[in-house]
Each structure stands twice: as structure tokens, then as C-alpha cells.
Number of protein chains: 2
Amino acid sequence: MSVTIRDVARASGVHISTVSRTFSAPHLVNPNTRSRVLACAEQLGYRPNRAARALITGRTYNIGLIVADIANPFFPPLIKAAESQARKHDHHIFVADTNEDPAVEEEVVRALAKQVDGVLLCSPRMSNTLIEQLSREVPLVVVNRQITGIPAVVMDVAQGARLAIEHLTARGHREIALLSGPRGSWTSREIRRSATATARAGHAELTVIGPNPPTETGGLTVAEEVLRAGATAVLAYNDLMAIGLIEGLLSAGARVPEDVSVIGIDDIMLSRLTRPKLTTVATPTAAAGRAAVDMLLAHGDDRRSTAHLHLQTELVIRDSTGPGPGPHSPADPGGVTVPGGVAS
Amino acid sequence: MSVTIRDVARASGVHISTVSRTFSAPHLVNPNTRSRVLACAEQLGYRPNRAARALITGRTYNIGLIVADIANPFFPPLIKAAESQARKHDHHIFVADTNEDPAVEEEVVRALAKQVDGVLLCSPRMSNTLIEQLSREVPLVVVNRQITGIPAVVMDVAQGARLAIEHLTARGHREIALLSGPRGSWTSREIRRSATATARAGHAELTVIGPNPPTETGGLTVAEEVLRAGATAVLAYNDLMAIGLIEGLLSAGARVPEDVSVIGIDDIMLSRLTRPKLTTVATPTAAAGRAAVDMLLAHGDDRRSTAHLHLQTELVIRDSTGPGPGPHSPADPGGVTVPGGVAS
DNA sequence: GACAGTTGTGCAACCGCTTGCATTAATTGT
DNA sequence: ACAATTAATGCAAGCGGTTGCACAACTGTC
């Protein structure tokens with residue numbers, strides 16, 4: 001079928017082991033021999049078979065990337081960055097979509113385990129225990145989840161939620177609704193925890209609505225409930241829900257931001273293009289993808305790296321938030337973004 | 001390290017070949033033995049190593065999926081559908097992003113060739129000759145491109161472009177601009193061919209602007225040029241460009257659709273959420289992803305399938321198109337969508 | 001000119017699994 | 001009751017590579 005190391009060996013008159021070394025340990029082979037072998041290989045169009053190599057070396061040069069929903073606009077930039085970074089290190093990426101189903105997550109990790117050097121688990125929905133167990137079967141890096149002993153890249157949504165709620169209370173909002181995300185989401189718990197604390201500190205009432213599916217529809221369907229709760233401002237689990245919510249509010253006759261202010265999280269590309277433009281907490285998605293890959297690849301070097309990398313978020317103020325009925329804080333920044341950065 | 005066929009053999013007191021057959025040819029092993037082996041395997045957590053198996057069978061149960069830009073909202077639904085369909089058939093998917101670069105496309109196909117059963121090339125930018133050559137090294141299915149002898153799934157954008165232009169001429173537009181896509185895009189050529197012919201038949205003038213990068217920016221930056229050309233209607237290569245164009249037109253003081261009508265292609269999720277909502281040609285992206293995978297997997301059965309599957313498109317009329325200065329055709333449908341379907 | 005060190009290559013086992021063939025035991029036909 | 005099938009299993013080669021070890025053939029040293 002395809003050209004193997006043996007063909008190259010025959011063509012260049014050396015033993016297969018010499019050909020092998022030409023590619024995987026060039027310094028061990030005589031420069032003359034080496035160039036002859038390379039020439040033959042080139043001419044025959046030889047490419048080492050990675051699967052065969054992996055069988056004996058244990059390194060596959062593949063990475064698994066598992067996300068809840070490829071079509072959720074939050075993920076593509078992450079996937080793209082991860083793929084690009086992986087390929088920079090000569091690795092390829094398996095992508096799997098779990099449809100938010102923890103059982104599928106487990107199955108896919110196991111199915112992939114043998115043919116990857118490690119797996120990136122993005123916003124996983126499974127239990128901590130299961131993740132810990134899986135991490136004994138295959139190197140794991142988790143994105144947007146904190147588990148002791150598991151290397152992780154997390155976006156600091158708690159900080160983001162704090163900035164968002166502070167922005168709202170500073171502008172006089174006292175009745176705030178929080179649209180929580182899907183069950184099992186660590187991010188959603190973090191947001192809730194931080195938003196609750198911040199609201200209390202700002203003397204505002206926080207009503208939690210959810211859990212909800214993290215989609216446009218998830219936001220659309222709770223618009224009524226938001227209005228009934230009498231909230232003048234809403235923080236949504238993500239931009240998609242925020243956008244859906246705005247649709248729902250508008251078609252229920254409420255104005256955004258005059259009657260209700262809405263803040264999303266993620267700053268997906270879409271959020272700049274809707275009307276009103278969405279105020280949102282920007283998360284460094286691409287950076288997270290790159291960092292997660294780097295972490296996974298470094299994993300081999302220092303045994304059992306267990307670092308948690310925190311990426312800061314920032315509030316991007318656009319047109320979906322306005323003043324509320326209460327008194328404004330004089331310290332309210334009229335500015336556009338509250339900056340963050342990258343820290344570890 | 002991990003549990004192999006040998007461990008299972010030892011535990012169940014049979015030869016490794018029996019264990020192997022238990023999984024890959026169960027009818028050849030005695031039911032009693034089989035269940036004993038299965039029990040041991042289960043208990044040890046055995047999972048066949050696909051790479052090792054592939055080495056001898058030649059079937060990897062992997063598929064390569066190559067796209068120009070994962071972050072382009074056109075692709076995620078396709079990737080998602082393909083991944084889902086692949087996994088239904090117990091296959092996994094490698095995803096690679098080429099950044100619209102033909103050289104990267106070639107390199108990635110070659111790099112992946114050995115570890116996949118086939119490659120899906122989505123909207124490739126390389127030459128026909130190269131694609132033909134690559135298809136001799138690894139089974140290929142091409143999406144959105146027609147090449148004799150290469151199995152393909154194509155969305156009928158020519159039909160879509162025709163519907164779009166007809167819609168415009170019927171509503172009295174006589175000066176129409178076409179924003180073409182990136183160089184090397186078959187889709188772009190098809191659109192241009194069809195739009196030109198249809199415009200001529202409708203006694204309208206068609207100005208081609210481009211090639212342009214298939215992004216929001218690509219549309220944004222040509223807004224001036226569109227106005228200068230005096231066009232009252234524009235068909236863009238894709239929705240992203242159409243949305244960018246609308247942004248550009250609005251901020252240049254033009255109204256959409258009162259001054260300029262805009263039609264996109266693809267009907268990405270975003271297009272329903274912008275203001276004005278975008279009139280667009282809906283392409284069956286998910287169906288294409290599924291069909292391409294099916295075609296690739298069927299490829300093994302009937303040697304060298306060479307079928308071209310055409311998926312129909314439909315015009316979705318929303319708010320970004322309005323009447324033009326010329327006379328309306330009485331036959332202009334006030335309706336919402338011009339239906340299509342699926343045909344081969 | 002014998003001795004220890006390099007350097008470059010070949011040999012063969014092995015990674016985890018499949019599969020053609022040989023072997024043995026059980027079943028069938030007559 | 002015995003040859004001929006048939007069913008179940010074992011044996012070993014091999015898929016395409018890697019790698020520890022042995023073995024030259026050269027260096028340079030005294």
C-alpha cells in the first residue's frame with residue numbers, strides 16, 4: 001500500500017533501523033548516510049506512520065478536545081486557538097461534542113484515551129470524582145473548572161461577575177436577576193457565588209432564575225419570569241442567553257436598556273453586532289485554548305503538574321446597560337472597559 | 001501501563017488470539033469462553049487499542065475534517081453534525097484549521113493521511129490537480145467544490161444566488177453589487193457565474209467587488225466602494241460579509257434596506273439576531289456535514305464512489321431587503337421563504 | 001603495534017493486536 | 001464403528017516502527 005520504512009531502507013541500501021534513526025535520532029547516523037536516506041525518503045514520499053511509532057514510544061502526538069457544544073459560539077475560538085497551538089507543536093486534535101451530556105463525556109474520554117497524549121476537558125459537566133478517576137487513565141487538563149490535583153485553566157468569571165454586579169449597583173439597580181447556566185456547570189456556580197456576595201455588598205436583591213440551557217432559547221423563555229420578578233437588571237450565564245433574553249424582553253414590550261439592563265458573559269463575536277450592543281464580561285477564550293494545550297504538553301516534563309492558571313476577565317460596557325431607579329454611585333466609571341489582564 | 005489483550009488472556013486463561021476474536025469475530029468463539037473473556041475484560045477495564053488494530057487492519061476509525069476557519073460561524077454547525085454522525089458510526093474526528101491557506105491544507109492532509117480512513121475537505125482552496133493527487137493517497141470527500149472523479153457534497157449556491165438576484169430584480173433593483181469571496185473559492189465562482197447570468201436575464205447591472213476575505217471586516221471595508229458604485233442592492237459571498245457591510249453602510253449614513261438592500265449567504269445563526277434581520281440564502285450546513293461523513297464511510301464499500309450530492313438552498317427573506325427604484329414585477333412573492341429541498 | 005575509545009550500523013525483540021494455518025475435540029453420516 | 005466434517009482454540013508471523021545491545025571499523029595514545 002503506502003511507503004514504509006522498509007522501502008526506504010531497501011532503496012538506500014541500509015538497515016531499517018538506520019532509516020528509523022535518521023528520523024528519530026539523526027545525530028546517531030553518519031551525515032552521508034543520513035542525506036542519502038533522506039533523499040530516498042523524499043523521493044519515495046515516505047512519511048513515518050505515527051500510530052506505529054506511538055505503539056512503541058507511547059507518544060501519539062494527538063490531543064483530545066472535548067466540548068459541550070461545538071455550535072455554541074463560545075467554543076470555536078477556543079478550539080481554533082487550541083488546534084493552532086497544538087499544530088505548532090506538531091500535534092493533531094480530536095474534537096468531540098458531548099451535547100452537554102456527562103455520560104457522553106466519560107465515554108468519549110475513555111474511547112480517546114489510547115490514541116492521545118492527553119485530553120482537554122472544556123467546561124465539563126461530570127462529577128469531580130469521575131474526573132479524578134479519568135485523570136488516572138489519561139493526562140487531563142480541565143478548562144473552566146477547579147479540582148484539586150487536576151491541572152486547570154480557568155477564566156476568572158467570579159471576578160467578572162463581581163465587576164458586572166458592581167457596575168449595575170453603581171448605576172442604581174437594586175433588583176437584579178441572575179440567569180444561571182446548566183446544571184453541573186462550575187462556571188455557573190462561581191458566577192452565582194460571586195454575584196450573590198457582590199449584590200449583598202451593594203445592598204441589592206439578587207433573584208436566581210434557573211438552571212437554564214446555555215442557549216438563546218434558554219434566555220428567550222425566561223423573559224416573562226424576569227419581568228414578573230420585577231428586576232431592572234439581569235446578569236446572564238452567557239452572551240447567548242443574554243441575547244435571547246433581550247429578544248424576549250423586547251417582544252414582551254420592555255425596552256433595553258431603559259426598562260431592563262442586560263449583561264452577558266463571554267463577549268462572543270456576535271455581541272458586538274446585535275442591537276443594542278451587549279454589555280458583557282469578556283473572557284480570554286483563545287488564550288485559554290492555547291494555555292490549556294501548553295499545559296498538557298508540558299505535563300510530560302514535570303511529572304504531574306497540578307498548576308491552576310487563572311485568566312482575568314474584563315467588563316466591556318456597551319449599550320445594553322443603563323441607569324436603574326436607585327441612586328448612582330459617584331464613583332461609577334463612565335468608561336468603556338474595566339481592564340483585566342493575565343495572572344497566574 | 002494500561003491493560004492489554006494479554007492481561008485479559010491471562011486472567012481468563014485463554015490465548016490472546018481468543019481474546020482478540022472475542023472482540024473482532026465473536027461468532028468464532030464458544031459462547032461460554034466468550035462470556036468469561038468479556039467478564040474479565042470488563043472487570044479489568046480493557047479497551048482495544050485502535051491504533052494497534054489499525055496497524056494490521058488498515059481501518060483507523062478516524063476521520064479528518066479540514067476547514068478554512070473554525071471560528072467562521074459557517075463551519076461549527078457542519079463540524080458538529082459531522083462529528084455526531086461520525087461518532088454514530090464509532091469514528092472519531094480530527095479537526096484542522098488551515099487559515100484559508102492552501103499550503104497548510106496540503107500539509108495537513110498528508111500529515112493526517114496515515115491515521116484516518118478518509119478526509120473531509122471543506123471549501124478547499126487548493127487546486128483541482130492537487131486535490132486529485134491527494135485523493136490517490138487517502139480517500140477524500142470534498143464539500144462545496146465539484147471535481148470530476150472526486151466524491152463531493154455541494155450546496156447549490158448557484159441556485160441560491162439565482163433566487164437572491166431574482167428577488168432583487170423583481171423588487172425593482174437594477175444596480176446590483178456582488179461581493180465576491182476569497183480567491184480560490186469554488187463557491188465564490190459559482191455564485192458569480194449564476195448571479196451574472198441571472199442579473200443579465202433580469203436586465204440589471206451587476207458589479208463585482210472583490211475578491212475579499214470572507215469575514216465581517218471583508219464586508220465592512222467595501223461599504224464605501226458599494227456606495228460609490230451606486231448599487232441599490234448587494235449580494236454578499238456570505239452572511240458575515242453581509243453583516244459587516246451593513247455595519248459599514250449604516251455608519252456611512254446609508255439606510256438598510258431603504259437605501260441599499262443586502263442579501264447574505266449561509267443563514268448562520270447570527271443573521272436572525274442582527275438588526276435589521278438579514279435576508280439570506282440558507283445553506284443546509286448540518287445536512288452537508290452528515291452527508292459528507294456518510295459518503296466517506298460508504299466509500300469503502302463500493303470502490304471509488306464518485307457521486308456528487310447536491311443539496312438545495314432556499315432564500316430566507318427577512319428585513320435587510322426592500323424595494324428598489326425600478327418597477328416591481330407583479331410576480332414578486334411577498335412570502336417569507338422560497339423553498340428548496342434535497343435532491344441528488 | 002597492542003589497547004582503549006569513538007562512531008556508525010546491523011540484529012532482533014518488542015509495542016498491542018489480527019489472522020491464516022495447524023491442531024485437537026466433538027459431532028455427524030452411514 | 002470409523003472416516004469426514006465442523007467447531008473451538010492455539011501458534012506464530014507480521015503490521016510499521018523503535019531501541020538496547022553487539023559488532024565492526026576507525027581514532028588516537030604511549
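Computed from a predicted structure; not experimentally measured. Just the heavy atoms: all of them, side chains too, but no hydrogens, waters or symmetry mates, feed the values below. Just so we're on the same page: letters track the sequence lines, and every chain starts at 1.
Only B:V29, B:N30, B:T33, listed by number, bring a heavy atom of residues 29-45 of chain B to less than 4.0 angstrom from any atom of DNA chain D. A heavy-atom distance below 4.0 Å to DNA chain C is reached by these residues of residues 10-25 of chain A, ordered by number: A:V14, A:H15, A:S17, A:T18, A:R21.
For A:Y46, the ring pair (Phe, Tyr, Trp, His ring centres under 6.0 Å) partners at least two apart in sequence or on another chain are A:F23. For B:L130, the side-chain contact (heavy atoms from CB on, under 4.5 Å) partners are B:E106, B:M126, B:S127, B:Q133, B:L134, not counting sequence neighbours. B:N49 pairs by the side-chain hydrogen bond (donor to acceptor under 3.5 Å, both in side chains) definition with nothing, not counting sequence neighbours. Considering only residues two or more places apart in sequence or on other chains, A:I66 meets the side-chain contact (heavy atoms from CB on, under 4.5 Å) condition with A:A96, A:T98, A:V108, A:V109, A:V119, A:L121. Shown here are the side-chain contact (heavy atoms from CB on, under 4.5 Å) partners of A:R6, two or more places apart in sequence or in another chain: A:T4, A:R10, A:I16.
Per the geometry, CG belonging to B:L55 stands 8 Å off C1' belonging to D:dG17, to the nearest Å. The distance between atom CZ of A:R47 and atom P of D:dG17, rounded to the nearest whole Å, is 12 Å. Taking atom CD1 of residue B:I56 and atom C1' of nucleotide C:dT19, one finds them 7 Å apart after rounding to whole Å. Summarising the geometry, the separation between CD on B:Q115 and C1' on D:dC15 is reported as 16 Å, rounded to the nearest angstrom. To the nearest angstrom, C1' of C:dT9 lies 14 Å from NE2 of A:H27. For the pair B:I5 CD1 and D:dG14 P, the computed distance is 19 Å after rounding to whole Å. The separation between A:N49 atom CG and C:dC15 atom C1' is 13 Å, rounded to whole Å. Straight-line distance from the CZ atom of B:R59 to the C1' atom of D:dC15: 17 Å, rounded to whole Å.
Legend: ring pair (Phe, Tyr, Trp, His ring centres under 6.0 Å) pairs involving residues 102-145 of chain B, not counting sequence neighbours: none detected. The ring pair (Phe, Tyr, Trp, His ring centres under 6.0 Å) pairs that include a residue from residues 85-124 of chain B are A:F94-B:F94, B:Y61-B:H91, where partners are two or more places apart or lie in different chains. Counting only residues at least two apart or on different chains, no ring pair (Phe, Tyr, Trp, His ring centres under 6.0 Å) pair has a member in residues 105-127 of chain B.
Looking at A:R50 and A:N62, their side chains never bring a donor and an acceptor atom within 3.5 Å of each other.
In the helix from C:dG1-D:dC30 to C:dT30-D:dA1, the terminal helix axes, each the rotation mapping four pairs' C1' atoms onto the next four within five end pairs, subtend 40°, rounded to 10°.
Residue order along DNA chain D, read from the 5' end via each residue's closest nucleotide, puts B:L28 first among A:T4 and B:L28.
Under the 4.0 Å criterion applied to side-chain N and carboxylate O atoms, B:K80 and A:D69 are assigned as salt-bridge partners.
Residue side chain A:R50 does not reach the base of D:dG17 through any donor-acceptor N/O pair under 3.5 Å, judged by distance alone. A donor N or O paired with an acceptor N or O is not found under 3.5 Å between the base of D:dG16 and the side-chain atoms of A:R53.
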Below 3.5 Å, can you tabulate the donor-acceptor pairs from side chains in residues 287-294 of chain B to any protein atom, sequence neighbours excluded?
from: B:D294; atom 1: OD1; to: B:Q85; atom 2: NE2; distance (Å): 2.8
from: B:D294; atom 1: OD2; to: B:Q85; atom 2: NE2; distance (Å): 3.3

